[in-house]
Amino acid sequence: MTERRWDPTLREWVITATHRQERTFKPPADYCPFCPTEEDAEYPTAIPEPEYDMAVIENGFPSLQPDPPAPAVESTDLFPVEAATGQCEVVLFTEEHDGKMSEQPVSRFVKLVKLWRDRYEKLGAIDDHEYVYIFENKGEEVGVTLEHPHGQIYAYPFVPPKIERELESSDQYLREEGRCLFCDLIDSEREDGRRIVAENDSFTAVVPFHARWTYEVHVYANDHVPSIADFTAEDERNLGNLLNEILQRYDALFGFEMPYIMATHQQPTNGDAEQYAHFHIEFYPPYRTGDKLKYPAGSERGAGTFINNKLAEEGAAELRNAI
């Protein structure tokens, strides 16, 4: 059962996907559903070939489906419910089960950017898809149960609430100031310099002024680029380079592979927001020290107000000096 229910108090959709209770949870060490299928294997994996470089597969336990079942309950004026249409994909970064992405060549990251662009364009061309969300959950600390290096892509039938709120803020700023909010943000960060972690001709990585997580990093396009579909070949290369560098800095910070959530924010695929959507990637690592995790608790989850334990300027300096 997959359906979406409207929360009238926050004015946002909540997805119910009951079958995900049965999704793969820490499979045996000798079986990984994302590794290539070995010859004469008793249990084939999601990849039927004996080897691969990078792959996109359908999510075996999707929260959104192209042809979902009818909702379990009837819709009312106060409690609207709709079928959870959409699509969920898994992106396999490498066939190496224990592959450490910070040790991969830059060329793999450039190839990944090209793959993301292809899926953004193809999934976004489907009428029902309003927003193509590219993301990665990395590490057991953020709930990952399959260790093989992978990310995900959700094609939503609506614009997710955080991104919608972000776009509304940028739209209002454009109407009041005549400029894209994110263009001014990144120009100000580059002028200030204290929160910059790394940069190149196309992108700048910063610990944002308003960071919620101790080592949160945002990677902004330097120019007004609404989506990955607007990248030049140089942009693809430069983003691949910078992503590689960010992961190296994260892993060097405390001497272990840093877990994180990675979220890509860009223009909805419904064609709206070209003037005020601005491509950027946000990283949220849960560690606040080498042996302490940040747990979103009462203030964060109950009130929606994050409390950070470190100045953004200090976190950026530590990441700059990590390698």
Side-chain angles (χ1 to χ4, degrees), residues 100-103 106 109 134-144 151 162-163 165-166 169-170 181-222 238-266 278-301 303-323:
K100 189 175 181 181
M101 288 304 290
S102 61
E103 296 177 351
V106 170
F109 287 84
I134 299 165
F135 67 102
E136 179 189 0
N137 298 322
K138 178 179 179 181
E140 190 172 327
E141 294 87 342
V142 301
V144 175
K162 181 174 182 178
I163 288 133
R165 183 178 177 186
E166 187 179 86
S169 295
S170 189
L181 171 62
F182 298 100
C183 289
D184 277 2
L185 282 178
I186 194 56
D187 286 351
S188 296
E189 289 286 14
R190 296 178 75 192
E191 183 179 353
D192 182 289
R194 289 175 295 172
R195 291 176 291 275
I196 291 178
V197 175
E199 60 184 328
N200 57 37
D201 289 342
S202 301
F203 298 93
T204 300
V206 302
V207 176
F209 176 81
H210 51 273
R212 290 164 171 77
W213 301 88
T214 307
Y215 297 103
E216 181 174 344
V217 168
H218 292 189
V219 179
Y220 292 96
N222 292 340
N238 285 340
L239 182 57
N241 269 284
L242 202 58
L243 290 176
N244 176 264
E245 182 176 346
I246 293 302
L247 296 198
Q248 288 182 22
R249 291 184 182 279
Y250 270 151
D251 290 358
L253 184 64
F254 298 129
F256 56 78
E257 199 167 357
M258 180 72 85
Y260 56 74
I261 294 168
M262 183 206 80
T264 301
H265 293 189
Q266 55 188 320
H278 190 115
F279 179 91
H280 61 284
I281 295 177
E282 302 183 0
F283 288 89
Y284 320 127
Y287 277 93
R288 55 189 175 93
T289 71
D291 58 0
K292 295 177 182 175
L293 292 168
K294 164 68 176 178
Y295 292 102
S299 184
E300 290 86 0
R301 295 196 186 279
T305 299
F306 267 75
I307 300 171
N308 195 345
N309 302 106
K310 187 183 288 286
L311 292 172
E313 295 77 15
E314 294 176 356
E318 290 177 39
L319 286 168
R320 278 198 306 271
N321 296 327
I323 56 176

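Note that the numbering runs from 1 along the sequence shown for the chain.
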Quiz prompt | Enclosure of K100 NZ (heavy-atom neighbours >12, cutoff 6.0 Å) | solution = yes
Quiz item: Considering all heavy atoms of both residues, which atom of A263 and which atom of Y284 are nearest to each other, and what is their separation?
Solution: CB-OH, 4.1 Å
Quiz item: Rounded to the nearest 0.5 Å, how far apart are CD of E103 and CG of D251?
Solution: 8.0 Å
Exercise. Give the minimum heavy-atom separation between G315 and V207, together with the two atoms involved.
Key: C-CG2, 4.2 Å
Practice problem: Search all heavy atoms of P259 against all heavy atoms of G139 and return the closest pair with its distance. | Solution: CB-CA, 3.9 Å
Quiz item: Heavy-atom distance under 4.5 Å between the side chains of H280 and E166, does that happen here?
Solution: yes
Self-check item: Nearest atoms (heavy-atom pairs only) where R195 meets P208
Solution: CD-C, 4.1 Å
Quiz item: Closest approach of A205 and I246, non-hydrogen atoms and distance?
Solution: CB-CD1, 3.5 Å
Quiz item: Any chance the side chains of N200 and S202 put a donor and an acceptor closer than 3.5 Å?
Solution: no
Quiz item: Will you find, in the side chains of T204 and N222, an N or O donor that is under 3.5 Å from an N or O acceptor?
Solution: yes
Quiz item: Has the side chain of K138 got a donor or acceptor atom that lies under 3.5 Å from a matching backbone atom of P285?
Solution: no
Quiz item: So, are R212 and E300 salt-bridged, with charged N and O less than 4.0 Å apart?
Solution: no
Quiz item: Are any of the side-chain heavy atoms of Y250 and L319 separated by less than 4.5 Å?
Solution: yes
Quiz item: Taking the six-membered ring for Trp, are the ring centroids of F283 and W213 within less than 6.0 Å of each other?
Solution: no
Quiz item: Does R320 use its side chain to pair, donor to acceptor, with the backbone of R194 at less than 3.5 Å?
Solution: yes
Quiz item: Closest heavy-atom contact between A221 and I186?
Solution: O-CG2, 4.1 Å
Exercise. Not counting sequence neighbours, which residues clear side chain to side chain donor-acceptor pair (under 3.5 Å) with N244? List them please.
Key: Q248
Practice problem: Could you check if a side-chain atom of K162 sits within less than 4.5 angstrom of a side-chain atom of E282, using non-hydrogen atoms only? | Solution: yes
Quiz item: Using 4.0 Å as the upper bound for N to carboxylate O, is an ion pair formed by E245 and R249?
Solution: yes
Practice problem: Ignoring hydrogens and angles, tell me if any N or O in the side chain of N137 forms a donor-acceptor pair with the backbone of I261 under 3.5 Å. | Solution: no
Quiz item: Between I281 and L239, does a side chain to side chain contact (heavy atoms under 4.5 Å, CB included) hold up when you go through it step by step?
Solution: CA-CA 10 Å; I281 295 177; L239 182 57; 4.3 Å; yes
Quiz item: Quick one: are L181 and H278 in side-chain contact, heavy atoms under 4.5 Å?
Solution: no
Quiz item: If you measure from CD on E191 to CG on D184, what distance do you get to the nearest 0.5 Å?
Solution: 11.0 Å
Quiz item: Are any side-chain N or O atoms of R301 and backbone N or O atoms of P296, one a donor and one an acceptor, separated by less than 3.5 Å?
Solution: yes
Quiz item: When rounded to the nearest 0.5 angstrom, what distance separates OG1 in T214 from CD in E314?
Solution: 10.5 Å
Self-check item: Donor-acceptor pair, side chain of D192 and main chain of S188, under 3.5 angstrom
Solution: no
Quiz item: For the atom pair CG (L253) and CE (M258), what is the distance rounded to the nearest 0.5 Å?
Solution: 5.0 Å
Exercise. Apply the ring pair (Phe, Tyr, Trp, His ring centres under 6.0 Å) test between Y287 and each candidate in F256, Y295, Y260; give the one that qualifies.
Key: F256
Quiz prompt | Validation row: H218, H210 side chains within 4.5 angstrom (heavy atoms) | solution = yes
Quiz prompt | Distance in Å, F209 CZ paired with L311 CG, rounded so as to fall on 0.5 Å steps | solution = 10.0 Å
